[in-house]
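The structure follows.
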Amino acid sequence: MNYLIYLFLGVLQGITEPLPISSSGHLFLFKNLFNTNMFNDLNFEIVVNFGSFIAIFFIFYKDIIMLIKSFFNFILKKEDKKKYANNFRYCMLIIIGTLPVGIAGIFLKDFIEETLARTWILGICFIITAISLFLVKNIKGNKDDYDITYKDALIIGLFQVIALTPGISRSGSVLVACLLCNLKRDTALKYTFMLYFPVSIASMILGIKDLIEVSNLSSLIFPYTLGMIAAGIVTYFSYQWLSDWVKKGKLWKFSIYCLLLGIFVLIYFR
């Protein structure tokens, strides 16, 4: 039964991580619906997040490698800088888009966990996510990767800060911000997940120390690995689903789910 719960949590992570329905919100919801310590296992969260990270990295690895090479080539090489200028600038857009949530995470972490971690707030945040996704349903945009401005990156980064609240989807809020900044749908999708990597890496690095210090880690290797593999596989297919719906302008359909979920939370925990 314990293995099935770990498997279920891995699948839950895999579904909710890329989709604009808030993975943190779903985890918080299940913590309150079911009385089991497994939903409070922060080390397991790190492991399944790593599974999702691997899946999304696999999808974007060519872009990531190209950007990393261009970034260092632009800095280190004295010649042909123009060849790497666009990709270097895109890297700077990722950095600018990540800074607000990094700073907010450091200074607002305790406030979010102590003040905003309420079921009624969770319900409202699901509804806010639903409304946001619905409002941008007809926006197509005309900006490509290299048309994104530093102002756009900052605005999108500030939207990502809002997603620190459980129930506000990170991918959803960033996608909404990208579309409001007039990015094309496929451009918005790519930039959304480019911003995912630094945030995810930082979270995993901060959690590695606690994971290593777990006293019974050897007995948890199998269930943790099971959950991580499930999260990775499901994340891959969830992203494909999201990609298809974003490009076809069907992002608003996720708003129906978030709206119904938000109403359920407000009624159930009233």
Is any side-chain heavy atom of Tyr196 closer than 4.5 Å to one of Ser52?
yes

Using only atom types and a distance under 3.5 Å, with no angle test, would you say the side chain of Thr149 pairs donor to acceptor with the backbone of Asp152?
yes

Do Leu260 and Ile124 share a hydrophobic cluster, counting only Ile, Leu, Val, Met, Phe, Trp and Tyr and linking them when any side-chain heavy atoms are less than 4.5 Å apart?
no

Do Ile201 and Val47 share a hydrophobic cluster, counting only Ile, Leu, Val, Met, Phe, Trp and Tyr and linking them when any side-chain heavy atoms are less than 4.5 Å apart?
yes

Interatomic spacing from CD1 in Ile127 to CD1 in Ile263 - rounded to 0.5 Å
5.5 Å

With Phe193 as partner, the option from Phe58, Tyr239, Phe57 fulfilling ring pair (Phe, Tyr, Trp, His ring centres under 6.0 Å) is Tyr239

Find out if a path of hydrophobic residues (ILVMFWY) with successive side-chain heavy-atom gaps under 4.5 Å connects Ile68 to Ile96.
yes

Please examine the side chains of Phe30 and Phe8, heavy atoms only from C-beta on, and report whether any two atoms are closer than 4.5 Å.
yes

Would Lys82 count as a cation-pi partner of Phe74, with NZ or CZ less than 6.0 Å from the six-membered ring centre and within 45° of the ring normal?
no

I'd like to check Leu33 versus Tyr268 (side-chain heavy atoms, cut-off strictly below 4.5 Å). Are they in contact?
yes

Given side chains that start at C-beta, do those of Ile128 and Ser132 come closer than 4.5 Å, heavy atoms only?
yes

Among Leu189, Ile139, Val246, whose side-chain contact (heavy atoms from CB on, under 4.5 Å) with Leu251 holds?
Val246

Which pair of non-hydrogen atoms, one from Gln160 and one from Thr98, has the smallest distance, and what is that distance?
NE2-CA, 4.4 Å

Heavy-atom side-chain proximity of Thr187 to Cys178 below 4.5 angstrom
no

Centres of the Phe197 and Phe53 rings: under 6.0 Å?
yes

Would you tell me whether Thr16 and Ser23 have side-chain atoms, one donor and one acceptor, within less than 3.5 Å of each other?
no

Using a strict 4.0 Å threshold on nitrogen-to-oxygen distance, state whether Lys248 and Asp244 make a salt bridge.
yes

Measure from NZ or CZ of Lys31 to the centre of the six-membered ring of Phe28, then state whether that distance is under 6.0 Å and the direction lies within 45° of the axis.
no

I would like to know whether Phe222 and Tyr3 meet ring pair (Phe, Tyr, Trp, His ring centres under 6.0 Å); could you show each step before the answer?
CA-CA 9 Å; Phe222 179 75; Tyr3 288 165; 5.0 Å; yes

Compute both the distance and the angle, then confirm whether Arg89 meets the cation-pi test with Tyr150: under 6.0 Å from the six-membered ring centre, within 45 degrees of the axis.
yes

Taking the six-membered ring for Trp and the single ring otherwise, decide whether the centroids of Phe254 and Trp241 are under 6.0 Å apart.
yes

Check whether any side-chain heavy atom of Phe159 lies under 4.5 Å from a side-chain heavy atom of Ile155, and answer yes or no.
yes

Which atom of Leu179 lies closest to which atom of Arg185, heavy atoms considered
CD2-CG, 4.1 Å

Could you measure the distance from the CD1 atom of Ile121 to the CD1 atom of Ile112? Nearest 0.5 Å is fine.
11.0 Å

Here the gap from Ile131 atom CD1 to Leu259 atom CG, rounded to the nearest 0.5 Å, amounts to 7.5 Å

Does the pair Leu133 and Lys137 meet the rule for a side chain to side chain contact (heavy atoms under 4.5 Å, CB included), with working shown?
CA-CA 7 Å; Leu133 294 173; Lys137 64 185 180 72; over 6 Å; no

What are the two closest non-hydrogen atoms of Ile168 and Ser173, and how far apart are they?
CG2-CB, 4.3 Å

Are any of the side-chain heavy atoms of Gln240 and Ile59 separated by less than 4.5 Å?
yes

Taking atom OH of Tyr61 and atom CD1 of Ile65, what is their separation to the nearest 0.5 Å?
7.0 Å

Are Leu164 and Ile103 in one and the same hydrophobic cluster, where Ile, Leu, Val, Met, Phe, Trp and Tyr link if side-chain heavy atoms are under 4.5 Å apart?
no

Set out, in order, the CA-CA distance, both residues' side-chain angles and the distance that settles side chain to side chain contact (heavy atoms under 4.5 Å, CB included) for Lys184 and Asp147, then state yes or no.
CA-CA 10 Å; Lys184 290 181 178 178; Asp147 295 324; over 6 Å; no

Cys258 versus Pro20, closest heavy-atom pair with distance:
SG-O, 3.7 Å

Quick one: do Leu180 and Trp252 end up in the same hydrophobic cluster if we chain Ile, Leu, Val, Met, Phe, Trp and Tyr together by side-chain heavy atoms under 4.5 Å apart?
no

Check: Tyr90 side chain, Ile148 main-chain N or O, donor-acceptor pair, under 3.5 Å:
no

Given Leu9 and Val48, is the side chain to side chain contact (heavy atoms under 4.5 Å, CB included) satisfied, shown in steps?
CA-CA 8 Å; Leu9 291 176; Val48 292; 5.7 Å; no

Of all the heavy-atom pairs spanning Gly167 and Thr129, show the shortest one and how long it is.
O-OG1, 2.9 Å

Are the aromatic ring centres of Phe72 and Tyr84 under 6.0 angstrom apart?
no

Exam field: side chain His26 to backbone Ile21, donor-acceptor pair closer than 3.5 Å:
yes

From CG (Leu19) to OG (Ser238), nearest 0.5 Å
4.5 Å

Between Val234 and Gln13, is a side chain to side chain contact (heavy atoms under 4.5 Å, CB included) present by the stated rule, with each step listed?
CA-CA 8 Å; Val234 177; Gln13 164 67 21; over 6 Å; no

What's the spacing between Ser24 OG and Leu29 CG if we round to 0.5 Å?
11.0 Å

Given side chains that start at C-beta, do those of Lys81 and Phe88 come closer than 4.5 Å, heavy atoms only?
no

Answer with yes or no whether the side chains of Asn87 and Tyr146 bring together a donor and an acceptor at under 3.5 Å.
yes

Under 3.5 Å, is there a donor-acceptor pair linking the side chains of Asn73 and Ser70?
no

Could you pull out the closest heavy-atom pair between Leu242 and Pro18, with the gap in Å?
CD2-O, 3.1 Å

